[in-house]
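Each chain gets a letter, A, B and so on, in the order its sequence line appears, and its residues count up from 1.
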Number of protein chains: 2
Amino acid sequence: MVTLKHLAEQLNVSVSTVSKALNDSPEIGKDTIQRVKELAKHLNYQPNKMALSLKSNKTNTLGVIIPDVLNHFFAKALYAIEMEATKQGYNIITCVSNELLSKEENSLQLLSNGSVDGFIMSIAEETQKKNKTEHISRVLDRGLPMVLFDRVCDDLECDKVIIDDFGAAYEATKHLLNEGRKHIVLISDIEKLSVGKLRTNGYLKALQEDASYKQEPVVISVTKADDLEEVVDHLFDSNKNVDGILSVDNTSGVVALHKALKKGYSIPEKLSIIGFSDENVLVFTEPKLSTISQHTFDIGKASVKLMIDRLNQKSKTEHVTTTIKTKLVLRGTTK
Amino acid sequence: MVTLKHLAEQLNVSVSTVSKALNDSPEIGKDTIQRVKELAKHLNYQPNKMALSLKSNKTNTLGVIIPDVLNHFFAKALYAIEMEATKQGYNIITCVSNELLSKEENSLQLLSNGSVDGFIMSIAEETQKKNKTEHISRVLDRGLPMVLFDRVCDDLECDKVIIDDFGAAYEATKHLLNEGRKHIVLISDIEKLSVGKLRTNGYLKALQEDASYKQEPVVISVTKADDLEEVVDHLFDSNKNVDGILSVDNTSGVVALHKALKKGYSIPEKLSIIGFSDENVLVFTEPKLSTISQHTFDIGKASVKLMIDRLNQKSKTEHVTTTIKTKLVLRGTTK
DNA sequence: ATGAAAGCGCTAACAC
DNA sequence: GTGTTAGCGCTTTCAT
């Protein structure tokens, strides 16, 4: 690795002269600057990142902790975060909590030693279930900024990026109601998560507000351990006259569509389906699934922006929560 | 941030004493060690990562560059890499090349300044098409080790993790032949990639070796710009008597299955389909898609192991190529 | 216009 | 058993 010292020796000047020259200091003569820069380029000199960080106490690196890369939502958020961070001159260190509290604690702990300037994170399922926040507060107390996205925690004082989960589910349910649906079932594999509960509440609220809707709400909660296909099969068996399905997670909408078609439901004539899925599943559906689009890319991007803003201001300002708009995109599975 | 200096001042000893005590040096008295460790724990002391790295010239961080996080194969590889790296005490800095040569060059350049101890990477599509390798050689020349996985380049002298792409496709084609299939079509959206070419060659070889197979091979190459569903529709229109489909990429097998069912093919009686897809798509298929399992998790894990081995040995040994076994998993879309 | 020296936080060879 | 010192690569204040 080429260092300032090497350049200095070769040019018979001091290290500090080289440093200043490379930083275009007005103290240094034009010709010297020229000579230094030429050699630096020629030798492909790169300022050592660690030395820079040690000196400046800034790493230009963000810690990103997501619950699951195999979940397309988080993969896309990660993608957006990486894009935007790169654009802003930041690297990202990625950790996957695997929905586990212990891994989340561990990652936070390990990266809080000057490895990163701040964290962008979405809370693990286990953490939300157990409602643990000390490991996060500890980070905050150390003065490391944190942006929470999607799965947040109201008790924590930090910047957040969310969508209007309640409103999105409410609106989707309203749409089904307006289609004249009389037996709308909600299916969710995220009932234990903050976002899942909000979405369910949106669904319940919409039904409740509709005086002409007589049916009891039906919430089908699937866990990771369950066989999703079996649960969906059972849904159709035990709700013979279902005419609307709202899936508030990534995959169950697609599965419901497949199963419904197989059972001979005519879609969307007899049955409407709306999912929370990403566009990536559309290629696997026919008719195309109507979805609530979360604008995942915007969520990731906004998280980085919030973080950079926070890092760039010395004075502690109020924490902000950005809400990304969702959009109900009607396709082939709704009227 | 708590430093050795803080501890030293509070305890009225020197910084080096504190350092040695925390590292259990035999030079230091038992009681001193005790006192130091207690205070360190109490103050939640964490050794500064940057100082450590600067001193030791090791970062305990790996640079991971993948072409596309939204591709489930790479997401899973990333997951495995993160898991194994964490297990071995390494962090990973993730960059997404987005299949672009320029981003790949950029990431490599930016992280070659002492940010990472080595790189684990899979080559971008554009890079493979243009057959550029200078940016990679430059990294290698600097003495930074690199492990290439999946999409490798034969000209580069470094460790590699691959699967037997040729053999896997060959074996799958053989299976279709043994089923008595007489009109087997290959579909691929990765014809431009090293792995795609190898798989196609495996298919061609198997057909060629079978004297009783009279049909000309049919290779349908899809690009990102094409509408996959349209191409698949066209496949069935222009190959009326197709009775076997080998999809060598992630998604086209699933799409082919859906389209075939819609067109009324009885599967697997009249038509067999084998995909290279990950298990994650199975929930969307009925009957379940038969696939070539790539053991993606093992690929990621092996990459990290190779890297750590390389980092742990001073002497330059021969570069090694690890081949991960694939497995043909027969499910509902084959006889 | 250039250089010497200090210091970021840490380790380790070398005193005492 | 503990302290002093130098040095990792860099920036920056303060001399010259």
Exercise. Give a yes or no on whether a salt bridge exists between B/E99 and B/K192, defined as a side-chain N under 4.0 angstrom from a carboxylate O.
Key: no
Quiz item: Are B/K37 and B/D24 within salt-bridge range, i.e. N to O under 4.0 Å?
Solution: yes
Quiz item: With nearest nucleotides of DNA chain D determined for A/L54 and A/S16 from heavy-atom distances, which residue corresponds to the more 5′ nucleotide?
Solution: A/L54
Quiz item: With sugar-phosphate meaning primed atoms plus P, OP1 and OP2, does A/N23 contact a base, only sugar-phosphate, or nothing at under 4.0 Å between heavy atoms?
Solution: sugar-phosphate
Quiz item: Is there a residue in residues 26-43 of chain B whose heavy atoms reach under 4.0 Å of DNA chain D, and which residues are they?
Solution: B/E27, B/I28, B/G29, B/T32
Quiz item: Counting any heavy atom closer than 4.0 Å, what does A/S19 reach on the DNA or RNA strands: base, sugar-phosphate only, or nothing?
Solution: base
Quiz item: For DNA chain C, which nucleotides open and close the run of contacts to chain A, 5' to 3', at under 4.0 angstrom from a non-hydrogen atom?
Solution: C/dA1 to C/dG9
Quiz item: Along DNA chain D, 5' to 3', what are the outermost nucleotides having an atom less than 4.0 Å from a heavy atom of chain B?
Solution: D/dG1 to D/dG9
Quiz item: Are more than 12 heavy atoms from other residues, nucleotides or ligands located less than 6.0 Å from atom CG of B/N44?
Solution: yes
Quiz item: Considering heavy-atom distances to DNA chain D, does B/A51 or A/K20 have its closest nucleotide positioned more toward the 5' end?
Solution: B/A51
Self-check item: Parallel, tilted or perpendicular: rings of A/F73 and A/F149 (30°, 60°)
Solution: tilted
Exercise. Return yes when atom CD of B/E157 has more than 12 non-hydrogen atoms of other residues, nucleotides or ligands closer than 6.0 Å, and no otherwise.
Key: no
Self-check item: Single hit among A/E104, A/K103, A/E105 for side chain to side chain donor-acceptor pair (under 3.5 Å) with A/T127
Solution: A/E104
Quiz item: Is the closest side-chain heavy-atom distance between A/C95 and B/T86 below 4.5 Å?
Solution: no
Quiz item: Are A/Q294 and A/I324 close enough that some pair of their side-chain heavy atoms sits under 4.5 Å apart?
Solution: no
Quiz prompt | Heavy-atom pair of closest approach, residues B/V96 and B/V69 | solution = CG2-CG2, 3.7 Å
Self-check item: A/K316 atom NZ, over 12 foreign heavy atoms within 6.0 Å
Solution: no
